[in-house]
Number of protein chains: 2
Amino acid sequence: MREETLRRREEILKAAMATFGSKGYHNGPLAEIAEQVDMTHAGILHHFGSKDHLLLEVLRYRDESDVAGLDGQHIPGGIDMFRHLVRTAFLNAQRAGIVQTYAVLSAESVTDDHPARAFFEGRYRTLRSEAVEAFEALCAERGVAVPASVRHASASILAVMDGLQVQWLLDPTQVDLGEASQFAIEAIVAAVLDPRPSPLGADGTGSVEQQPVAVDGVVPAEAAGQPVGA
Amino acid sequence: MREETLRRREEILKAAMATFGSKGYHNGPLAEIAEQVDMTHAGILHHFGSKDHLLLEVLRYRDESDVAGLDGQHIPGGIDMFRHLVRTAFLNAQRAGIVQTYAVLSAESVTDDHPARAFFEGRYRTLRSEAVEAFEALCAERGVAVPASVRHASASILAVMDGLQVQWLLDPTQVDLGEASQFAIEAIVAAVLDPRPSPLGADGTGSVEQQPVAVDGVVPAEAAGQPVGA
DNA sequence: GCCAACTTACTGACTGCACGGTAAGTTCTC
DNA sequence: GAGAACTTACCGTGCAGTCAGTAAGTTGGC
């Protein structure tokens with residue numbers, strides 16, 4: 001019955017994804033996961049030992065099936081990586097469940113002692129460095145020097161994809177996940193390959209601006225707030 | 001004692017921000033908030049009625065103090081809005097607590113029946129339309145037609161700020177919140193004001209590409225996974 | 001200026017429930 | 001018959017919300 005067991009665990013992992021996605025990890029009870037696979041919550045603990053461990057297996061499972069989905073076993077490099085990301089964004093627009101799971105868990109993971117924290121830390125680190133490599137390959141191919149901006153660009157591309165997902169999940173009628181992701185990724189890639197002067201003028205830090213608009217005028221440190229976009 | 005009461009409630013709101021930020025809403029107990037202001041959790045319920053209500057007051061409070069921090073009472077328009085956003089990003093790099101509160105709560109809010117869902121939905125809607133207006137003003141000023149991309153660009157700018165915050169919270173040594181935000185915002189604004197051909201070639205949707213790299217080859221619908229960046 | 005009537009700001013004790021984990025027993029499979 | 005795959009029953013805890021009581025104001029009448 002080993003084959004059957006594996007299948008059963010996979011069912012549990014999928015059910016867990018659904019529950020963690022719709023309720024978050026801390027607020028997603030084992031009993032709800034169990035119910036989906038016609039089991040008691042004790043049955044799930046029999047398979048996975050603890051809820052924390054189940055979460056980690058869920059994340060590992062996702063990564064595994066992602067890799068299995070790739071022709072080879074790795075994300076394409078160079079310009080194809082960015083094409084791949086755009087394609088993924090369009091694909092994600094039809095998989096709200098999975099997108100929500102990742103969006104919820106990745107943000108939840110920044111809280112104190114979250115069991116998935118190390119996972120997401122590592123995940124972003126890996127993805128960023130893969131993006132950096134893709135940029136480097138791309139620059140080499142075009143015979144241009146690798147600009148310092150590639151690190152910012154790499155983080156930004158992942159960031160914009162994640163951020164758009166949150167807005168899209170909140171209100172799919174107002175955000176086109178695929179198109180917006182494509183636009184932003186193209187804008188960022190273009191800015192790396194062929195930099196132009198800043199459209200904002202100066203350096204934008206405001207350190208020498210004469211008329212600070214907000215924030216700078218706020219005195220009580222903690223009362224400042226984050227005016228926008230945070 | 002009315003004055004004193006107001007002060008007390010403000011203390012509670014700040015304590016709640018700290019707790020919700022470090023533990024999330026569902027996982028952040030009233031007792032911990034109460035402790036910070038030397039009170040029992042029942043005392044907090046006396047002031048705010050319920051935990052849900054406290055959360056909404058926290059969010060309202062933040063927005064209020066943000067507006068109070070602005071010289072006038074509104075976010076600047078036109079190009080100044082984008083300068084303002086960049087400045088905010090640099091400022092946020094020194095306010096991890098507040099950043100975390102918003103990052104955690106905004107993502108948590110996409111879960112089922114979350115009490116802050118309507119708040120964030122409205123918040124993003126407002127911010128996006130302010131960004132759209134800023135772009136329109138900017139285009140008018142420069143005498144160029146308003147491109148269709150402004151909606152995508154507006155969502156993307158907010159998205160990249162939020163997404164970078166998550167990565168930065170997970171590992172501040174690897175991401176420079178201010179610089180990366182500035183780079184991405186400039187790239188996106190530039191792409192709106194002065195569009196260039198896509199560096200990715202074609203339309204990027206992959207619909208006509210002959211060699212799909214990943215995803216497309218995955219058969220079991222739910223097993224597909226989100227290859228990257230989700 | 002004082003006292004009674006009332007309100008506000010709590011505390012402490014309790015209720016009830018949700019939930020993760022454990023232990024012991026049962027059934028099914030190899 | 002051994003072990004895997006469970007179930008049932010139970011424990012302990014964490015936590016939001018209720019409620020009665022108390023102490024410190026606040027207000028109004030005289």
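No hydrogens, no waters, no symmetry mates; every other heavy atom, side chains included, goes into these values. Note on naming: letters A, B, ... go to the chains in the order of the sequence lines (proteins, then strands), and numbering restarts at 1 for each one.
The side chain of A/Lys51 sits closest to C/dG20 out of D/dC6, C/dG20, D/dG17. Closest to the side chain of B/Ala42, out of D/dA5, D/dT18, C/dT22, is D/dT18. Of the candidates C/dC10, D/dT8, D/dA5, C/dC10 carries the atom nearest the B/Arg8 side chain, counting heavy atoms from C-beta on.
Below 30°, between 30° and 60°, or above 60°: for A/Phe82 and A/Phe135 the angle between ring planes is between 30° and 60°, a tilted geometry. Between B/His26 and B/His114, the ring-plane angle classifies as perpendicular under the 30° and 60° cut-offs. Ring planes of A/Phe183 and B/His152: tilted class, angle from 30 to 60°.
Per the geometry, NE2 belonging to B/His26 stands 15 Å off P belonging to C/dA18, to the nearest Å. When the P atom of D/dG14 is taken as reference, atom NZ of B/Lys23 falls 11 Å away, rounded to whole Å. Protein atom OH of B/Tyr25 is 13 Å distant from nucleotide atom P of D/dC15, rounded to whole Å. Between B/Leu30 atom CG and D/dG17 atom P there is a gap of 7 Å when expressed in whole angstrom units. Rounded to an integer number of Å, the gap from A/Glu35 CD to D/dT7 C1' is 16 Å. A/Ile12 has its CD1 atom 10 Å from the C1' atom of D/dC6, to the nearest Å. Distance, A/Glu4 CD to D/dA4 P: 16 Å, rounded to whole Å. Taking atom NE2 of residue B/His46 and atom P of nucleotide D/dG21, one finds them 18 Å apart after rounding to whole Å.
Nucleotides of DNA chain C nearest to A/Asn27 and A/Gly49 differ in position, and the one nearer the 5' end is that of A/Asn27. Both A/His41 and A/Ile44 lie close to DNA chain D; mapped to their nearest nucleotides by heavy-atom distance, the more 5′-ward contact belongs to A/Ile44.
Distances shorter than 4.0 Å separate none of the side-chain N or O atoms of B/Thr5 from OP1 or OP2 on C/dT8. Side-chain N/O atoms of B/Thr40 include one lying less than 4.0 angstrom from OP1 or OP2 on C/dT11.
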Exercise. Under the salt bridge (Lys or Arg N to Asp or Glu O under 4.0 Å) criterion, do B/Lys14 and B/Glu11 qualify, and how do the steps go?
Worked result: CA-CA 5 Å; B/Lys14 286 180 188 170; B/Glu11 282 178 54; over 6 Å; no
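Contact check on A/Asp63 versus A/Arg60 returns no salt bridge, with no Lys/Arg side-chain nitrogen under 4.0 Å from an Asp/Glu carboxylate oxygen.
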